[in-house]
Amino acid sequence: MRFLHTADLHLGRQFMGLSLEDDHEAVLGQIIETLVAEAVDVLVIAGDVFDRASPPNSAIRQFNRFLKRVAEETEAAVVMISGNHDSGDRIEAMSVFSTPSRALVRGIADAVEAPLVMRDAHGEVAFSALAFSYEYAARELFGDESISTPADVIAAQIAAARAQVPAGARWVVVAHAFVAGGAVGEAERALTRVGGIETVPAEVFAGADYVSLGHLHKPQEVGAHHIRYSGAPLAFGFDEAGQEKSMTIVDLHAQGSDIRTVPFRPLRRVRSLTGSFAELLAGSPSEDFIQAILNDETPLIDPMKRLRAVYPNACHLTYARQARAPESRAPGAGRAAIPPIDMVGDFLKVMRGRVPDATELALVANRLHTTQVAEDQP
């Protein structure tokens, strides 16, 4: 059984105010090319199809065109889940007209978690699609008030899914989570809802032959060779400059698997250029997304406008001397962001002299989630 694992498309996203629609079109086309060239049996998309719950119509049309091409130009089945950026209802709606034998689309967690079962020369392969779910929704779904962390949610979903795997079948799990040990970038939104605990232990996936993960944007394995993030197909921040993006090809054998990556070829790369203003102006013209780090000692007049004559997509400029003078930064600059749930907890501790209990944290977390959803609306 051969499948292609990708995730975190984030359709509709911009790069510092610049549209990524053409860049996304290019990588979606490369996924189609790979499905055909590699004779892939199953396409796995492990969440964050869109960048927000209410994506622009252009992103929805783009993804619909992509799915139409998958259906018409390839033989691949599709297994897809929602991520924390997606609207679960929107992703779930895509399952209505899908062919049950060729697609498993899960936007909302299911207490049953029935898999898509495929067959190859070695027997059955069960694909379990675990849609992203917050704790409060999982408590209601599974009727378990003890669910209080992302790890509890995944554990409940895994238990439900494991019960549906046919005897003797190999098992592929698709999930969207922050597995302990994963390398985090600037672009990933925290999954914390209650108590500041967001990581999921790799051990929760015991028994799976391969785990297709989404959420972290850097391709990587976590905990074991067969538990992997495919990473995002595009770079979304300058912290990802120089990072090769790829899709993952998995050949699942009767015992074990072969795993390899196929690099994406982005239309525009993300690069940081360091030098004097004159040196950068004399550089080779480029359409890439550019961060300019100037080592000039004196401020320049409107340097970005002049740089964009050479680098039309230059979108950030700073001076190297700023990094050498941390004492001159504004209070709090450069510090790691404090999760809102922790900030509220610290405030309540100061005001009342005690830490909030689990019930109080749950109320705060649900309110924060409601606020985040409202902010995602266009």
Side-chain angles (χ1 to χ4, degrees), residues 6 8-31 33 48 50-52 55-56 58-59 61-62 66 183-189 216-219 231-247 261-330 333-335 337 378:
T6 191
D8 298 281
L9 303 177
H10 288 280
L11 301 180
R13 192 184 187 104
Q14 296 183 334
F15 190 96
M16 300 189 76
L18 300 175
S19 173
L20 288 173
E21 185 171 353
D22 290 342
D23 305 77
H24 272 123
E25 192 67 27
V27 296
L28 291 174
Q30 290 165 35
I31 292 173
E33 292 172 8
D48 281 355
F50 299 107
D51 190 56
R52 58 181 186 267
S58 58
R61 290 193 295 267
Q62 185 175 51
F66 169 70
V184 185
E186 295 176 355
E188 292 95 340
R189 179 184 298 166
L216 300 186
H217 294 176
K218 179 182 179 179
L234 295 175
F236 298 124
F238 285 111
D239 64 313
E240 300 177 59
Q243 190 180 109
E244 183 176 74
K245 300 297 185 177
S246 61
M247 54 195 114
T261 59
V262 177
F264 281 109
R265 307 180 303 279
L267 282 183
R268 296 175 287 186
R269 295 186 179 276
V270 172
R271 295 192 292 143
S272 292
L273 301 179
T274 301
S276 69
F277 183 61
E279 289 170 339
L280 267 57
L281 282 182
S284 300
S286 173
E287 296 288 328
D288 291 344
F289 298 110
I290 299 295
Q291 172 179 242
I293 304 174
L294 303 182
N295 55 28
D296 300 82
E297 291 298 327
T298 57
L300 303 169
I301 298 175
D302 201 9
M304 184 64 87
K305 180 178 180 180
R306 296 168 64 188
L307 282 174
R308 283 178 175 153
V310 182
Y311 312 105
N313 295 309
C315 45
H316 187 256
L317 183 146
T318 188
Y319 289 87
R321 56 185 164 78
Q322 293 174 326
R324 300 195 300 267
E327 68 278 0
S328 66
R329 296 179 186 175
R335 297 178 186 171

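Index from 1, following the sequence.
For Ala59, the side chain to side chain contact (heavy atoms under 4.5 Å, CB included) test picks out Leu11, Phe50, Pro55, Pro56, with sequence neighbours left out. With sequence neighbours left out, the ring pair (Phe, Tyr, Trp, His ring centres under 6.0 Å) criterion links Tyr311 to no other residue. Partners of Ser276 by side chain to side chain contact (heavy atoms under 4.5 Å, CB included), not counting sequence neighbours, listed by chain and number: Ala278, Glu279, Asn295, Asp296.
Smallest separation of non-hydrogen atoms from Leu216 and Asp8: O-OD2, 4.0 Å. Nearest heavy atom pair, residue Cys315 against residue Met304, reads C-CE, 3.9 Å. Among all heavy-atom pairs drawn from Thr298 and Tyr319, the shortest one is O-CE2, 4.1 Å. Considering all non-hydrogen atoms of both residues, Gly12 and Arg52 come closest at O-NH1, 4.1 Å. Closest heavy-atom contact between Ser19 and Arg268: O-NH2, 2.9 Å.
Taken to the nearest 0.5 Å, the CZ atom of Phe238 stands 11.5 Å off from the OG1 atom of Thr318. A distance of 6.5 Å separates CG of Asp22 from CG of Leu267, quoted to the nearest 0.5 Å. A distance of 9.5 Å separates NZ in Lys245 from NZ in Lys218, rounded to the nearest 0.5 Å. Distance check, rounded to the nearest 0.5 Å: NE2 of His217 to NE2 of His10 gives 3.0 Å. Between the CG atom in Leu307 and the CG atom in Asn313 there is a gap of 12.5 Å [rounded to 0.5 Å]. One finds the CG atom of Leu300 at 8.5 Å from the CG atom of Leu317 (value rounded to the nearest 0.5 Å).
For Gln62 (side chain) and Glu21 (main-chain N/O), a donor-acceptor pair under 3.5 Å exists by modelled atom type. Within the 3.5 Å criterion, the main-chain N or O of Asp288 finds no donor-acceptor partner in the side chain of Arg269. Panel note: side chain Gln30, backbone Arg265; a donor-acceptor pair is recorded below 3.5 Å.
By the 4.5 Å heavy-atom criterion applied to side chains, Val27 and Leu9 are not counted as neighbours. Side-chain contact check for Thr261 versus Pro219: every heavy-atom pair is 4.5 Å or farther apart. For the pair Phe15/Val270, a side-chain contact is recorded, criterion being any heavy-atom separation below 4.5 Å from C-beta on. Using a 4.5 Å heavy-atom cutoff, the side chains of Asp23 and Phe289 are in contact.
Relative to the ring axis of Phe277, Arg306 does not place its NZ or CZ within 45° and under 6.0 Å from the centre.
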